[in-house]
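Notes follow the structure.
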Amino acid sequence: MPHYKIAIVGAGPAGYFTAQALQNAQNEELTFSIDMFERLPTMWGLVRSGVAPDHPKIKSVAKVFEKVAAEPNFRLFGNVEVGRDLDIEEICPRYDAIVMCTGSSVGKKLGIPGEDLTGSLSAAEFVPWYNGHPDFANVEVPLDGETAVVIGAGNVAMDCARILGINPIELDATDTAEHALAALHASKIRTVYIAGRRGPEHAAFTAPELRELPKLEHTNVVIDADAVHAAHERAEAAGEIEKHLASNLEAWRLIAEHPHGGHERTMEFRFLSTPKEIKGVDRVEEVVFGINEIKGGKVVDTGETYSIKTNLVVSAIGYYAEHIKGISFRDGKVENDNGRVLGTNIYTVGWAKRGPSGVIGTNKSDASDVVKLLIEDLDPEPKNGGDITVVIPQAITIIDQAGWSKINAAEIAAGEPLGKPRVKEVEIAKLIALAE
Ligand code: NAP
């Protein structure tokens, strides 16, 4: 019975769903050993360091990941960075296939003057900061001004705006990183603007995210009723309104009609606003927006501008993949053909394959599609290239599944007396110590 060895690089949703698809594909004639490599001592990728802490239900998928990891054909190599500690060239001959599930972690740039001023951040820094990613624990997030501006009209922008705009007491019982929770409690920010360059009808927010806004207990949520009305009219004029747009337009209507709660905190949507410049001397002081209009279905610059005084700008306008030595990248993704890296035994799944789109569950079907191709491509004779452990540098402390389980249990135990799901440890050395 042929037994194949598969390496998965990246312990996020794409990685675990790939392992699950491999496990599910096993039968009497086909079995797999799965080795998963992860550069951090902590697992679950975006489920740990991306999903907003006030959305704990989305994180329950981690139970599925742990079930996959508990199978006897699964080995974990945490704290091992492929491309640095271990070269792709060392991995390829030892496995029948390698699946790159390394995501898309670098924030796209606006490319406007002032973007590099202190106080101008990417969501790719801000989100892992509040979620306790060890590489971002020391990001400087100035919360001393009264206003923040979030650029982008997608669900990541919405998460950033909510974290800045809700009363931090709503985060006390969550797994928000302790450093971020303390900073948010001291925050002076009371108004968060969310700016989209097109109309409300074009926003990438999804309806469930919009529908939760009027339910916020301590934050006024504001959108100009005329802007919503105009969006509706434009959408109708453009033809039949598809289901997801109809839900979004309805959600916008509810927000526009929702009474101002008289709260101290406000989240306000501004559409048809393109960021032109971030101004300031030593730090962000103002964002200048070009005002757009929609003519003949196209977004057109009116030539007029307005500005918002602020000390904090978070741009949430998409991501691209961080390059890994030995892998070819193109357009911000691993260069691939439906998940196959042509001419190699390498495959890719998730945001590394298709770019930063879709929800966590999207990776499940993505993984199963790519695993089908991988199985089609397998040689009749497994490679038998020798065990990987001999080439991992001895100085590296490998976090195996037992070690990660200890970290996980210690964090959960630390959260228990505080009524939190966990308290995240953010220092690599301390995480490693917890695993030992
Ligand atoms: P996204 O949904 O693609 O949204 C990106 C936004 O950035 C769009 O509104 C886009 O506007 C805007 N943008 C791009 N370039 C810009 C520029 N130069 N200036 C101004 N605006 C610009 O991406 P995302 O928010 O990063 O989310 C990534 C994926 O994760 C999405 O599929 C999202 O649904 C998912 N996600 C889901 C959840 C959830 O389910 N709760 C939470 C977070 C993320 P245009 O449309 O005009 O280009």
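Every number for a ligand or one of its atoms is a count from 1 in the order of the listing.
For atom 34 (O) of ligand 1, the nearest non-hydrogen atom of the protein is N155 ND2, 3.0 Å. Among protein heavy atoms, the minimum distance from atom 5 (C) of ligand 1 is reached at A316 O, 4.1 Å. Remark: minimum distance from atom 20 (C) of ligand 1 to any protein heavy atom is reached at R197 CD, 3.7 Å. In terms of protein heavy-atom proximity, atom 4 (O) of ligand 1 is closest to G154 CA, 3.6 Å. When hydrogens are left out, the protein atom nearest atom 30 (O) of ligand 1 is W351 CZ2, 3.4 Å; that is the closest non-hydrogen contact. Atom 28 (C) of ligand 1 has its closest protein heavy atom at P356 O, 3.4 Å.
Of the candidates E209, K109, K108, R198, it is E209 that places a heavy atom closest to atom 41 (N) of ligand 1. For atom 6 (C) of ligand 1, the nearest non-hydrogen atom from the set A204, A153, A203, G318 comes from A153. Remark: among candidates V51, L46, V156, the nearest residue to atom 27 (O) of ligand 1 is V156, based on non-hydrogen atoms. One option in T274, I317, I58, V359 has a heavy atom closer to atom 14 (C) of ligand 1 than any other, and that option is I317.
Shown in contact with D159 at under 4.0 Å from a heavy atom are these atoms of ligand 1, numbered in order with element: 42 (C), 43 (C). Near S357, meaning under 4.0 Å from any of its heavy atoms, are these atoms of ligand 1: 32 (O). The distance from ligand 1 to the heavy atoms of Y319 drops below 4.0 Å at these ligand atoms: 26 (O).
A donor-acceptor pair is defined here as one N or O able to donate and one able to accept, closer than 3.5 Å; such a pair exists between the side chain of T344 and the backbone of I346.
Between F205 and F269, a ring centre-to-centre spacing shorter than 6.0 Å is recorded. In this structure, the ring of W252 has its center less than 6.0 angstrom from the ring center of F271. In summary, the aromatic rings of F17 and F65 are positioned with their centroids under 6.0 Å apart.
To the nearest 0.5 Å, atom CG of residue N345 and atom CD1 of residue I98 are 4.0 Å apart. To the nearest 0.5 Å, atom CD of residue E81 and atom CD1 of residue I324 are 8.0 Å apart.
Shown here, atom 23 (O) of ligand 1 is out of close reach of the protein: none of its heavy atoms lies under 4.0 Å off. Note that atom 10 (C) of ligand 1 has no protein non-hydrogen atoms nearby, at separations under 4.0 angstrom.
Note on ring orientation: taking the six-membered ring where Trp is involved, the planes of Y95 and F37 are perpendicular (angle over 60°, cut-offs 30° and 60°).
Considering backbone and side-chain N/O of G358, one or more are found under 3.5 Å from N/O of ligand 1.
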Practice task
Show your working on side chain to side chain donor-acceptor pair (under 3.5 Å) between H185 and D172 and close with a plain yes or no.
Solution key: CA-CA 10 Å; H185 270 285; D172 284 345; 2.7 Å; yes

Handout entry: CA sep, side-chain torsions, deciding dist, call: N363, R354, side chain to side chain donor-acceptor pair (under 3.5 Å)
Key = CA-CA 10 Å; N363 298 300; R354 57 176 206 276; 2.9 Å; yes

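Ion pair R234/E236 not flagged as a salt bridge, since none of the NZ, NE, NH1 or NH2 atoms sits closer than 4.0 Å to an Asp/Glu carboxylate oxygen.
At a 4.0 Å cut-off, not a single heavy atom of F205 sits close enough to ligand 1 to count as contact. Every heavy atom of G196 sits 4.0 Å or more from the atoms of ligand 1.
Surrounding NE2 of H229 are at most 12 heavy atoms belonging to other residues, nucleotides or ligands under 6.0 Å away.
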